[in-house]
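In what follows, a structure is listed as structure tokens, so that the remarks can point back to it.
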Amino acid sequence: QVQLVESGGGLVQPGGSLRLSCAASGSIFSINVMGWYRQAPGKERELVARISSGGSTNYADSVKGRFTISRDNAKNTVYLQMNSLKPEDTAVYYCDATLASSYYSSYVHYWGQGIQVTVSS
């Protein structure tokens with residue numbers, strides 16, 4: 001069984017920073033892409049950023065220059081450093097990973113349970 005567990009969310013003032021972490025645990029042989037999505041109330045879930053196993057990154061236009069995604073392959077962990085936060089960044093943030101549990105397994109997509117980020121004065 002594979003689990004993705006997020007941490008680091010909370011309440012922050014506009015202009016502040018937060019660092020989210022997401023650790024994958026369980027039966028893991030190889031992780032391909034890891035990423036972060038967010039869902040604000042009344043809106044669809046949207047991609048925030050993603051990173052390949054080789055370190056290539058993609059960002060939503062709304063967070064470019066403010067957010068940085070990184071990963072530690074040895075720890076099966078992906079991070080999201082969020083700077084210059086705005087009220088419109090308020091959402092539940094979800095991490096995801098596409099991984100194989102063994103050499104013979106297909107790659108499967110997993111979601112974390114989500115963590116709240118609130119940007120408010």
Side-chain angles (χ1 to χ4, degrees):
Q1 189 72 5
V2 173
Q3 280 190 314
L4 301 182
V5 179
E6 298 106 334
S7 61
L11 173 64
V12 64
Q13 293 187 341
S17 298
L18 281 176
R19 188 191 193 209
L20 304 182
S21 299
C22 173
S25 63
S27 179
I28 299 171
F29 172 74
S30 174
I31 303 179
N32 190 359
V33 178
M34 302 185 81
W36 291 94
Y37 288 71
R38 67 186 181 187
Q39 187 167 19
K43 294 188 176 181
E44 294 187 354
R45 191 174 298 190
E46 62 176 1
L47 173 69
V48 176
R50 58 188 174 194
I51 184 168
S52 72
S53 57
S56 298
T57 58
N58 294 98
Y59 294 92
D61 287 343
S62 58
V63 306
K64 283 181 181 177
R66 300 188 298 122
F67 291 10
T68 302
I69 189 171
S70 61
R71 64 191 281 176
D72 184 332
N73 291 329
K75 295 181 179 180
N76 292 331
T77 299
V78 63
Y79 305 96
L80 186 68
Q81 177 66 44
M82 304 185 293
N83 299 327
S84 303
L85 282 160
K86 304 175 181 180
E88 50 264 43
D89 294 317
T90 295
V92 177
Y93 283 70
Y94 298 88
C95 73
D96 80 320
T98 303
L99 62 89
S101 295
S102 73
Y103 178 81
Y104 301 101
S105 299
S106 300
Y107 280 84
V108 177
H109 180 255
Y110 294 88
W111 287 104
Q113 81 283 359
I115 192 164
Q116 179 69 44
V117 171
T118 302
V119 185
S120 175
S121 55

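Hydrogens, waters and symmetry mates play no part in the numbers below; they use all other heavy atoms, side chains included.
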Parallel, tilted or perpendicular: which fits the ring planes of Phe29 and Tyr103, with parallel below 30° and perpendicular above 60°? perpendicular

Glu44 CD: over 12 foreign heavy atoms closer than 6.0 Å: no

Is it true that atom CD of Gln39 has more than 12 heavy atoms of other residues, nucleotides or ligands lying nearer than 6.0 Å? yes

[X] side chain near [Y] side chain, heavy-atom distance below 4.5 Å:
{"X": "Asp89", "Y": "Met82", "value": "no"}
{"X": "Pro87", "Y": "Pro14", "value": "yes"}
{"X": "Ser101", "Y": "Val2", "value": "yes"}
{"X": "Asn76", "Y": "Ile31", "value": "yes"}

Which value, rounded to the nearest 0.5 Å, describes the distance between [X] atom [atom1] and [Y] atom [atom2]?
{"X": "Leu4", "Y": "Leu99", "atom1": "CG", "atom2": "CG", "result": "7.0 Å"}
{"X": "Glu46", "Y": "Arg38", "atom1": "CD", "atom2": "CZ", "result": "4.5 Å"}
{"X": "Leu11", "Y": "Gln116", "atom1": "CG", "atom2": "CD", "result": "9.5 Å"}
{"X": "Leu20", "Y": "Trp36", "atom1": "CG", "atom2": "CH2", "result": "4.5 Å"}
{"X": "Met34", "Y": "Thr57", "atom1": "CE", "atom2": "OG1", "result": "14.5 Å"}
{"X": "Glu6", "Y": "Cys95", "atom1": "CD", "atom2": "SG", "result": "4.0 Å"}

Would you say the side-chain atoms of Thr68 and Tyr79 include a donor-acceptor pair closer than 3.5 Å? no

Could you tell me whether Asp96 and Arg50 make a salt bridge, using a distance below 4.0 angstrom between a side-chain N and a carboxylate O? no

Pair Lys64 + Asp61: basic N to acidic O under 4.0 Å: yes

Decide whether [X] and [Y] are clustered together by the hydrophobic rule: side chain heavy atoms of Ile, Leu, Val, Met, Phe, Trp, Tyr closer than 4.5 Å, transitively.
{"X": "Val92", "Y": "Leu85", "answer": "no"}
{"X": "Val33", "Y": "Val63", "answer": "no"}
{"X": "Ile28", "Y": "Ile51", "answer": "yes"}

If every non-hydrogen atom of [X] is compared with every non-hydrogen atom of [Y], which pair is closest and at what distance?
{"X": "Asn73", "Y": "Ser53", "answer": "ND2-O, 3.5 Å"}
{"X": "Tyr37", "Y": "Val48", "answer": "C-CG2, 3.8 Å"}
{"X": "Gly112", "Y": "Tyr94", "answer": "O-CD2, 3.7 Å"}
{"X": "Ile69", "Y": "Gly35", "answer": "CD1-CA, 4.1 Å"}
{"X": "Tyr59", "Y": "Phe67", "answer": "CE2-O, 3.3 Å"}

Please lay out, stage by stage, how Arg45 and Trp111 fare under the test side-chain contact (heavy atoms from CB on, under 4.5 Å). CA-CA 12 Å; Arg45 191 174 298 190; Trp111 287 104; 3.4 Å; yes

Backbone N or O of Gln13 within a donor-acceptor pair of the Ser121 side chain at under 3.5 Å? no

